[in-house]
Student: 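Attaching a single structure in structure tokens format; questions to follow.
In what follows, chains are A, B, ... by sequence order, proteins preceding strands, each numbered from 1.
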Amino acid sequence: MATRRTKGEVVVKDLTPVNMEVTVRKSSRNTLAPKRLQYFEEDSTTKPTRRKRANKTDVENIRKRTPEHEEDDHSDEKYTANENGGLSAYELERLENIRQNQAFLSSINLYQASEELNQLSRPKPSQRGLLRRTVAVTAVLPSRKSLRLQMKEAEVLPLPPEPRGTLLSQSFSPTKKPSGPLPMKAVNMETGDELPSELMQLFSEDSIEEKRMVLHQNEYCSTLKTMRLTEERVAKVVKDRIFSAAFHPCSSSLLLAAGDKGGRVGLWKLGGDWGDDGVLLFEPHTRPVCCMAFSPAHPTQLLSLSYDGSLRCMDVEKSVFDDVYNAQDALKTFDFMSHDSLTMVVGSLYGDVAIVDRRTPGNSHESLHSLDPKSLRCVSVHPLQRHYFAVAESRVVSIYDSRRLNKNKSQAVSQLHGHSLSISSAYFSPWTGNRVVTSCLDDNIRVYDTSAMTSTSSLLTTIRQNMQTGRWLSKLSAVWDPKQEDCFVVGSMLKPRRVQVYHQSGKLQRSFMDTENLSTVLSVTAFHPTRNALLGGNASGRMHVFSD
DNA sequence: ACGTGATGACTCC
DNA sequence: TGGAGTCCCTCACG
């Protein structure tokens with residue numbers, strides 16, 4: 001039995017679980033349930049059927065049993081045999097079985113293969129991008145000394161005032177950044193350093209006319225085949241788990257942004273020479289940045305939205321993060337409603353939808369008819385009929401008309417049914433809006449026909465995809481390629497790790513894999529609006545770019 | 001019955 | 001050696 005102990009671990013001695021690890025970890029909320037005890041049986045020699053799941057030490061011990069050991073063992077046995085005057089037939093048979101098993105295991109090179117597999121499964125993470133920094137050691141302050149130890153009388157302190165408001169509002173207010181513009185100060189640059197001028201040039205570079213070539217499926221597939229991951233296309237762009245990411249539309253360089261769990265926004269120019277390997281890090285929010293997009297009309301602007309209730313606009317020209325919209329509730333999602341990207345639809349986690357016009361102060365604020373108060377996951381605006389927007393609610397996607405919204409209960413123009421668990425994303429296809437792709441926790445990706453905009457849109461395609469990302473990963477969502485009307489990208493839980501591109505018909509177009517540079521789940525994925533490039537962000541802040 | 005909110009083993013420097 | 005970094009397919013409760 002392993003003797004190594006870590007914090008919070010209880011070693012159950014002399015009890016061996018049949019189907020569990022030998023050690024049982026105790027956490028504050030997860031104590032050993034009494035009913036589990038029935039799965040333990042006494043570890044005694046009277047029970048010959050005792051089974052134990054091998055732990056690491058055991059495996060190492062087995063690995064160490066080279067032929068020499070085997071020889072030793074046998075000589076030991078012979079020695080005992082001579083001393084005790086021979087072995088029983090049963091013991092001889094047992095030894096023979098052991099020899100045969102060892103010979104078989106050696107013949108298939110199991111241990112060697114397992115060693116190789118171990119080395120393959122954990123390549124060293126990329127050291128590009130944000131660097132490890134040792135935390136600056138602050139001057140050690142004199143330790144506090146109690147009044148009792150100072151031999152003084154205890155002070156009479158008044159009780160603190162009773163906390164007001166709900167827990168929720170308390171958790172929001174103290175953590176939110178102050179409203180008003182925040183200076184655009186990179187946290188990984190020396191104080192006083194200006195933003196690189198090249199950044200300014202790149203950001204103002206208008207995207208060359210939108211690339212809308214209708215590629216035949218075969219042609220599209222061969223384009224995807226030219227896109228590869230390389231060592232220099234992986235970098236740590238933010239510190240924590242990536243929640244959202246976007247490519248800047250400029251085409252002379254690959255420039256992208258990522259938002260993480262801690263409210264940070266990282267900018268990365270591939271091959272750039274500013275910051276850490278081209279990475280600049282900002283902190284405009286305090287909680288997860290769950291949605292971001294560059295303004296199509298003003299490429300110097302990056303809109304970012306956070307659970308902390310703020311929607312901000314990073315403007316490189318002004319070098320600030322401007323306040324765009326502030327809410328009491330956690331914000332979840334937004335999309336641009338107008339071509340000039342000055343009007344936006346913003347959705348809160350609790351089902352409120354706001355139409356935000358950045359030119360006028362004050363915002364109209366609508367509450368949709370959602371029954372479940374925690375139901376709004378995603379909004380997507382129709383690319384042609386901009387007054388329509390789709391809302392992923394708990395188990396249904398509803399398409400609303402922004403001109404006909406009511407304060408409390410709005411009527412949906414069309415609905416997409418068939419989801420059996422909560423929907424994590426729903427997006428209109430990029431050119432026509434004739435399709436909507438949804439990702440659902442019931443392990444299906446669905447494509448709907450929304451061309452007719454009838455009260456119920458018909459389901460065209462269902463693709464099985466494991467969506468059980470568990471506790472530590474961002475949810476997977478299917479996102480269209482803006483260059484191709486009918487194909488979308490989605491992350492995957494499959495090993496080897498991969499990113500998949502599907503046609504709306506359900507046909508897999510390509511699985512992007514890389515044994516050397518990709519070993520983690522890429523939950524957040526997006527295509528470049530003009531170039532043949534694809535990004536994927538993981539749970540430790542690393543961005544991966546597949547590009548031609 | 002689902003949504004939600006809760007860590008920890010291991011590795012590297 | 002210990003602390004920071006990395007990665008991640010539960011589990012119980014309301």
Student: Just call it for A:K236: base, sugar-phosphate, or nothing, with non-hydrogen atoms closer than 4.0 Å on any strand.
Tutor: sugar-phosphate
Student: Do the side-chain N or O atoms of A:R542 get closer than 4.0 angstrom to the phosphate oxygens (OP1, OP2) of C:dG5?
Tutor: no
Student: What is the distance, rounded to the nearest whole Å, between atom CG of A:L522 and atom P of C:dC7?
Tutor: 10 Å
Student: How far does the P atom of B:dA6 sit from the matching atom of C:dC7, given to the nearest Å?
Tutor: 23 Å
Student: DNA chain C: A:N538 or A:G470, which has the more 5' nearest nucleotide?
Tutor: A:N538
Student: Looking for any heavy atom pair under 4.0 Å, which part of the strands does A:S422 touch: base, sugar-phosphate only, or nothing?
Tutor: sugar-phosphate
Student: Nearest whole Å is fine: how far is C:dG5 C1' from A:R241 CZ?
Tutor: 16 Å
Student: Starting from P on B:dG3, measure out to NZ on A:K332 and report it in whole angstrom.
Tutor: 13 Å
Student: Say whether A:Q415 and A:T456, considering side chains only, have a donor N or O and an acceptor N or O under 3.5 Å apart.
Tutor: no
Student: Roughly, in whole Å, what's the span from NZ in A:K475 to P in B:dG3?
Tutor: 9 Å
Student: Looking at A:S126, is its backbone amide N or carbonyl O close enough to the side chain of A:R542 to form a donor-acceptor pair, meaning the two atoms are under 3.5 Å apart?
Tutor: yes
Student: Quick one: do A:R446 and A:D442 satisfy salt bridge (Lys or Arg N to Asp or Glu O under 4.0 Å)? Show the steps, please.
Tutor: CA-CA 11 Å; A:R446 296 177 174 87; A:D442 66 6; 2.8 Å; yes
Student: Of A:R395 and A:R471, whose closest DNA chain B nucleotide lies nearer the 5' terminus?
Tutor: A:R395
Student: Between A:D449 and A:R435, does any side-chain N to carboxylate O distance fall below 4.0 Å?
Tutor: yes
Student: Taking C:dC8 as the reference, what is the distance to B:dG3 when you measure between their P atoms (whole Å, please)?
Tutor: 24 Å
Student: Nearest whole Å is fine: how far is C:dA4 P from A:K239 NZ?
Tutor: 12 Å
Student: Rounded to whole angstroms, how far apart are CH2 on A:W472 and C1' on B:dT7?
Tutor: 4 Å
Student: On DNA chain C, does the nearest nucleotide to A:S126 precede the nearest nucleotide to A:N466 from the 5' side, or the other way round? Give the residue.
Tutor: A:S126
Student: Rounded to whole Å, please give me the gap between CG in A:L441 and C1' in B:dT4.
Tutor: 12 Å
Student: Between the side chains of A:K185 and A:E283, is the shortest nitrogen-to-carboxylate-oxygen separation below 4.0 Å, so that they form an ion pair?
Tutor: no
Student: Counting only side-chain N and O atoms of A:S540, is one of them less than 4.0 Å from OP1 or OP2 of C:dG5?
Tutor: no
Student: Let me know the distance between CG of A:L473 and P of B:dG5, rounded to the nearest Å.
Tutor: 17 Å
